[in-house]
Amino acid sequence: MTLLRACDALAGAKMTRDYSQRPARCKLNVDSQRASAHPGRDSPGVVGLQRSQPFGQAGDVGNYSRRVRNRIHGYTDPVFQRLSASSGRLRSMCGRYVVRQSADDLAEEFGVDRVEVHERLEPDYNVAPTKTSPVVLARPPRDAKDAGPVRQLRVLTWGLVPSWAKDPKIGSRLINARAETVHEKPAFRRAFGTRRLIIPTSGFYEWFPTQQRTTSGKPVKQPFYLRPKDEGVLALAGIYEFWRNPDKPRDDDDAWMTTFTIITTNATDDVGHIHDRMPMTVSRDNWRNWLDPTINDPDDIHALMAPPPAGSLDLYPVSKAVNNVKNNGPELIEPLPPS
DNA sequence: CCAGACGTTGTT
DNA sequence: GTCTGG
DNA sequence: CCAGACGTTGTT
DNA sequence: GTCTGG
């Protein structure tokens with residue numbers, strides 16, 4: 001079953017694509033571990049390549065499907081293993097994710113010195129913008145501001161509210177920051193210099209636009225779950241900011257709001273000139289420096305984050321139940337049964 | 001000088 | 001269509 | 001990211 | 001707060 005056929009089937013598409021027709025101006029190389037697409041040349045070993053219109057330029061690897069090869073959660077297309085890095089049709093960013101670990105798990109995993117979490121952390125299978133979520137950051141403790149940075153686990157709100165914002169609802173639009181520009185954007189640059197954090201996740205969701213259209217003509221989207229193959233923690237790169245609520249008195253517990261955003265990047269990959277967005281991650285070796293607020297040089301900081309290594313993620317389609325933020329539970333990351 | 005923005009992804 | 005809320 | 005709401009002044 | 005556009 002090819003990726004496109006699988007997704008269209010999942011979406012219940014009535015209009016079928018031509019899954020076998022090969023466009024005149026494409027080639028698709030397939031070997032055991034990688035595939036690439038290029039305009040204008042023939043290629044042996046091409047199976048099941050399709051596209052609704054000719055390729056425009058190198059790197060435009062839009063609508064194609066691949067040969068059956070592996071067996072992943074009942075699906076037999078290798079693209080399912082690497083879709084995030086190999087298909088132009090899955091636009092990876094980060095708009096929903098999963099945290100299964102307890103506060104104790106996270107404290108242990110990240111070696112935090114202070115657990116500034118005052119409620120019980122339940123596993124969250126549907127973390128959405130504007131919701132709170134645990135993060136790891138390093139700064140002087142509130143009660144000893146002259147001391148050195150201390151690594152802490154805190155619960156912050158997703159969606160960065162710049163310090164100068166008049167209205168905090170701007171945060172619901174600032175859920176991602178582009179790595180390419182985060183050091184210069186007025187809304188992000190200050191935080192990038194001195195307020196970086198790690199968002200611990202178990203994995204994240206992406207929505208794949210299928211061939212089927214809604215009555216208003218928009219593509220029906222199939223959610224996928226992406227997670228590390230080793231099922232370990234996925235440490236996303238983020239920044240945070242403080243915002244003073246002018247309507248609250250100084251001594252009010254809610255006088256300050258602390259929010260964060262997730263940094264995204266082009267996924268570099270070994271598959272071709274692909275330009276998907278993905279969340280940035282921080283490898284374990286770089287956790288300390290990433291969190292260190294005394295490292296301020298943008299080039300130095302950029303060197304500390306990277307996309308998930310090629311081939312390190314597993315991905316598979318899941319129920320559309322995840323669409324609604326009211327739904328939550330382990331069933332959201334159950335692989336959707338093959339149709 | 002003041003006014004107004006300050007962000008991302010998606011889409012054919 | 002566009003914005004807000006989760 | 002998706003789901004769900006979306007509204008005011010004028011007064012033909 | 002800080003930058004851009006007028």
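The shown structure was predicted, so the numbers you read here are calculated from the model rather than taken from an experiment. By convention in this document, chain letters (A, B, ...) are assigned in the order of the sequence lines, proteins followed by strands, and residues within each chain are numbered from 1.
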Nearest of E/dC3, B/dG7, D/dC2 to any side-chain atom of A/Pro186?
-> B/dG7
Atom CE of A/Met257 and atom C1' of C/dG5: how far apart are they, to the nearest Å?
-> 12 Å
CA sep, side-chain torsions, deciding dist, call: A/Asp292, A/Arg151, salt bridge (Lys or Arg N to Asp or Glu O under 4.0 Å) = CA-CA 9 Å; A/Asp292 185 345; A/Arg151 194 177 292 190; over 6 Å; no
Ring geometry between A/Phe192 and A/Trp290 (parallel below 30°, tilted from 30 to 60°, perpendicular above 60°) = perpendicular
Side chain of A/Arg96 - closest among D/dC2, D/dG4, B/dG7 = D/dC2
Out of B/dT12, E/dG1, B/dT9, minimum distance to the side chain of A/Met93 belongs to B/dT9
P gap between B/dG7 and E/dT2, integer Å = 15 Å
Residue A/Arg178, side-chain heavy atoms: nucleotide from D/dC1, D/dA3, B/dT9 that is nearest | B/dT9
Once the angle between the rings of A/Phe242 and A/Tyr240 is folded into 0 to 90°, is it parallel (under 30°), tilted (30 to 60°) or perpendicular (over 60°)?
-> perpendicular
With A/Ile239 as reference, evaluate A/Leu197, A/Thr259, A/Ile263, A/Leu137 under the side-chain contact (heavy atoms from CB on, under 4.5 Å) test and give the passing residue.
-> A/Ile263
note: A/Leu236, atom CG; B/dT8, atom P; distance rounded to Å ~ 17 Å
What integer number of Å spans the C1' atoms of D/dT9 and C/dT4?
-> 23 Å
Under 4.0 angstrom between A/Ser172 side-chain N/O and B/dT8 OP1 or OP2 = no
If we take the C1' atom in both C/dG5 and D/dT8, what is their distance in whole Å?
-> 23 Å
At under 4.0 Å, does any side-chain N or O of A/Arg173 touch on OP1 or OP2 of C/dG5?
-> no
By centroid distance (under 5.5 Å) and plane angle (under 30°), are A/Trp164 and B/dC6 in a stacked arrangement?
-> yes
Is a salt bridge present between A/Glu122 and A/Arg120, judged by a nitrogen-to-oxygen distance below 4.0 Å?
-> yes
Contact class for A/Ile175 (heavy atom, under 4.0 Å): base, sugar-phosphate, or nothing?
-> base
Answer with base, sugar-phosphate or nothing: what part of the nucleic acid does A/Pro129 contact at a heavy-atom distance below 4.0 Å?
-> base
Tell me, what's DNA chain C's dot-bracket, Watson-Crick or G-U with both distances under 3.5 Å, | for other-strand, [ ] crossing?
-> ||||||
How many Å lie between CG on A/Leu160 and C1' on B/dT8, as a whole number?
-> 13 Å
Compare the minimum distances between each of D/dC2, B/dT8, E/dT2 and the side chain of A/Arg190, then state the nucleotide with the smallest one.
-> E/dT2
Would you classify A/Ala128 as touching base, sugar-phosphate or nothing, given that sugar-phosphate means primed atoms plus P, OP1 and OP2, and contacts are heavy atoms under 4.0 Å?
-> base
5' precedence on DNA chain B between A/Gly217 and A/Lys166 (nearest-nucleotide basis) = A/Lys166
Under 4.0 Å between a Lys/Arg side-chain N and an Asp/Glu carboxylate O for A/Glu109 and A/Arg284?
-> yes
A/Asn323 atom CG is separated from C/dG6 atom P, nearest whole Å, by 18 Å
Atom P, compared across D/dT12 and C/dG1: separation rounded to whole Å | 33 Å
Looking for any heavy atom pair under 4.0 Å, which part of the strands does A/Thr181 touch: base, sugar-phosphate only, or nothing?
-> sugar-phosphate
Can you get from A/Leu121 to A/Val115 by hopping between Ile, Leu, Val, Met, Phe, Trp and Tyr side chains that sit under 4.5 Å apart?
-> yes
What is the distance from NZ of A/Lys218 to P of D/dA3, rounded to the nearest Å?
-> 11 Å
Could you give the CG-to-P distance, from A/Asn126 to D/dA3, as a whole number of Å?
-> 11 Å
Stepwise side-chain hydrogen bond (donor to acceptor under 3.5 Å, both in side chains) test for A/Asn328 and A/Asp124 | CA-CA 7 Å; A/Asn328 209 319; A/Asp124 194 333; 2.8 Å; yes
Classify the angle between the aromatic ring planes of A/Phe208 and A/Phe224 as parallel (below 30°), tilted (30 to 60°) or perpendicular (above 60°).
-> tilted
Interatomic distance, A/Asn176 CG vs B/dC6 C1' [rounded to whole Å] | 16 Å
Is the distance from OP1 or OP2 of D/dC2 to the nearest side-chain N or O of A/Lys221 less than 4.0 Å?
-> yes
C1'-based separation of B/dT11 from D/dC1 [nearest Å] | 16 Å
Distance check: side-chain N/O of A/Asn324 vs OP1/OP2 of D/dC2, anything under 4.0 Å?
-> no
In terms of side-chain heavy atoms of A/Phe188, which of C/dT4, B/dT8, E/dG1 is nearest?
-> B/dT8
Looking at every strand, decide which applies to A/Tyr97 at a 4.0 Å heavy-atom threshold: base, sugar-phosphate, or nothing.
-> nothing
Name the nucleic acid region contacted by A/Thr130, choosing base, sugar-phosphate or nothing; use a 4.0 angstrom heavy-atom cut-off, strictly under.
-> base
A/Thr258 and A/Glu241: side chain donor to acceptor below 3.5 Å = no
Hey, is the side chain of A/Lys185 poking within less than 4.0 Å of OP1 or OP2 on E/dC3, counting only N and O atoms?
-> no
Between P of B/dC6 and CD of A/Glu241, the distance in whole Å | 17 Å
